[in-house]
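Since the structure comes first, as structure tokens, the remarks are kept for the end.
One is the number of the first residue; the rest follow in order along the sequence. Worth knowing before you read on, the calculation uses all heavy atoms, side chains too, and leaves out hydrogens, waters and symmetry mates.
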Amino acid sequence: MHSETTLGRARPAPRIRLARLGDMFALARQRRALAKLDASRLRDIGLTRDEALAEACRPIWDVPAYWRR
């Protein structure tokens with residue numbers, strides 16, 4: 001008899017798909033770049049310095065919710 005874990009059961013999907021890994025690193029680079037923007041450029045995109053720094057400090061695994069669907 002075969003084990004229930006290998007026969008007839010699909011493997012669970014990984015929490016973060018491998019294809020998203022590159023996206024996560026790109027997001028981290030964008031967040032670092034956001035932290036380096038001056039006040040004038042932040043104002044152009046409608047952010048305060050505090051908002052930009054808060055976004056830049058988010059961990060790499062803190063991704064947009066639609067990525068986790």
- Which residue pairs satisfy the side chain to side chain donor-acceptor pair (under 3.5 Å) criterion with at least one member in residues 23-37, sequence neighbours excluded? R20-D23, R31-E55

- Which other residues belong to the hydrophobic cluster containing I45, where Ile, Leu, Val, Met, Phe, Trp and Tyr are joined when side-chain heavy atoms lie under 4.5 Å apart, directly or via other members? L34, L37, L42, L47

- With sequence neighbours excluded, what pairs up with A35 under the side-chain contact (heavy atoms from CB on, under 4.5 Å) test? L53, A56

- Apply side-chain contact (heavy atoms from CB on, under 4.5 Å) to D38 and list each qualifying residue two or more places apart in sequence or on a separate chain. S40, R41

- Message: Testing the basics here: between I60 and M24, what is the closest heavy-atom pair and its distance to 0.1 Å?
- Response: O-CE, 3.5 Å

